[in-house]
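What follows is a set of notes on a single structure, which appears directly below.
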Amino acid sequence: SMNLSLVDEVLKEYSAKRFELSQQEEREKDKHVQKIYTAEELDNIQRADVEAFYQRCIRGVLPPPELPEYFHSILVKDGLISSDSNDLHAFFAYYISNGYKNIYLKQ
């Protein structure tokens, strides 16, 4: 015959430890780390988006009629187009037709 009080004693110990571990896991899961990007990191993310878009264009993927505004902003910031230029499609078409492999090169 099995001694139920002995089993209960062992299970209580395990149950208490398991409860503590579960609470600790939940606390750690709730510690969501948010990265704060610098202005330069944000610019580089935008440059990477522009480059990825350009590479899709080279492969023949047609661009959407409207491009994100930040494409224009970063290209102006980097001196690739003038601030009064409003035809990004023409900019990309020029680069493609002149055989440019990249707009931005990773250093």
Side-chain angles (χ1 to χ4, degrees):
S1 139
M2 186 183 274
N3 186 342
L4 292 180
S5 64
L6 182 59
V7 171
D8 189 42
E9 204 174 301
V10 171
L11 283 179
K12 274 186 196 176
E13 181 77 20
Y14 169 80
S15 233
K17 284 184 180 179
R18 182 64 245 162
F19 180 74
E20 285 176 34
L21 282 172
S22 292
Q23 284 188 324
Q24 183 178 353
E25 288 169 353
E26 283 299 314
R27 280 192 302 272
E28 287 178 16
K29 187 169 53 171
D30 290 341
K31 290 181 186 173
H32 179 70
V33 178
Q34 182 176 4
K35 172 139 173 61
I36 308 291
Y37 290 100
T38 65
E40 185 64 22
E41 288 172 321
L42 290 172
D43 285 349
N44 286 335
I45 290 169
Q46 292 179 354
R47 289 178 182 110
D49 284 352
V50 169
E51 184 63 35
F53 170 79
Y54 183 67
Q55 294 304 313
R56 287 192 303 274
C57 290
I58 289 174
R59 290 192 310 272
V61 177
L62 292 175
E66 296 294 322
L67 298 176
E69 178 56 36
Y70 69 86
F71 277 26
H72 184 267
S73 301
I74 196 68
L75 291 169
V76 168
K77 183 175 190 172
D78 293 338
L80 295 169
I81 60 173
S82 66
S83 60
D84 60 346
S85 173
N86 61 3
D87 192 352
L88 287 177
H89 290 91
F91 168 81
F92 289 109
Y94 172 83
Y95 266 68
I96 291 169
S97 66
N98 284 288
Y100 289 95
K101 293 188 186 322
N102 301 88
I103 293 173
Y104 293 104
L105 292 176
K106 275 191 175 178
Q107 299 298 330

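Sequential numbering from 1 along the given sequence is applied to the chain's residues. Worth knowing before you read on, the calculation uses all heavy atoms, side chains too, and leaves out hydrogens, waters and symmetry mates.
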Would you give the length of the straight line joining atom CG of Leu80 to atom CZ of Arg47, rounded to the nearest 0.5 angstrom? 9.0 Å
Would you compute the distance between atom CZ of Arg56 and atom CD1 of Ile58 and round it to the nearest 0.5 angstrom? 11.5 Å
Using only atom types and a distance under 3.5 Å, with no angle test, would you say the side chain of Asn102 pairs donor to acceptor with the backbone of Leu105? no
Do Leu42 and Leu67 sit in one hydrophobic cluster, given that two such residues count as connected whenever their side-chain heavy atoms are within less than 4.5 Å of each other, even indirectly? no
Should Lys35 and Tyr37 count as side-chain neighbours, where that means a heavy-atom distance under 4.5 Å? yes
Is there side-chain contact between Pro68 and Asp49, with heavy atoms separated by less than 4.5 Å? no
If you measure from NZ on Lys17 to OG on Ser22, what distance do you get to the nearest 0.5 Å? 14.0 Å
If you define the side chain from C-beta out and look only at heavy atoms, does anything of Asp87 sit under 4.5 Å from Phe92? no
Could you check if a side-chain atom of Leu88 sits within less than 4.5 angstrom of a side-chain atom of Leu75, using non-hydrogen atoms only? yes
Glu13 bridged to Arg18 by N-O distance under 4.0 Å: no
Ile45, Tyr54: one ILVMFWY side-chain cluster at the under-4.5 Å cut-off? no
Quiz question: by atom type and distance under 3.5 Å, do the side chains of Asn44 and Tyr104 form a donor-acceptor pair? no
Asn98 side chain to Tyr100 main-chain N or O, any donor-acceptor pair under 3.5 Å? no
Under the side-chain hydrogen bond (donor to acceptor under 3.5 Å, both in side chains) rule, what do Glu51 and Gln55 come out as? Steps first, then yes or no, please. CA-CA 6 Å; Glu51 184 63 35; Gln55 294 304 313; 2.6 Å; yes
Between the side chain of Ser85 and the main-chain N/O of Ile81, is any donor-acceptor distance below 3.5 Å? no
From CA spacing to verdict: side chain to side chain contact (heavy atoms under 4.5 Å, CB included), Arg27, Gln23: CA-CA 6 Å; Arg27 280 192 302 272; Gln23 284 188 324; 3.8 Å; yes
Looking only at heavy atoms, the pair that brings Val76 and Ser82 closest together is CG2-O, 3.7 Å
State, with a plain yes or no, whether a side-chain heavy atom of Lys77 is found less than 4.5 Å away from one of Ser73. no
Between His89 and Pro63, what is the shortest heavy-atom contact and its length? CD2-CG, 3.8 Å
Under 3.5 Å, side chain of Glu41 to main-chain N/O of Thr38, donor-acceptor pair present? yes
Tell me, do Ile103 and Phe53 make a side-chain contact under 4.5 Å, heavy atoms counted? no
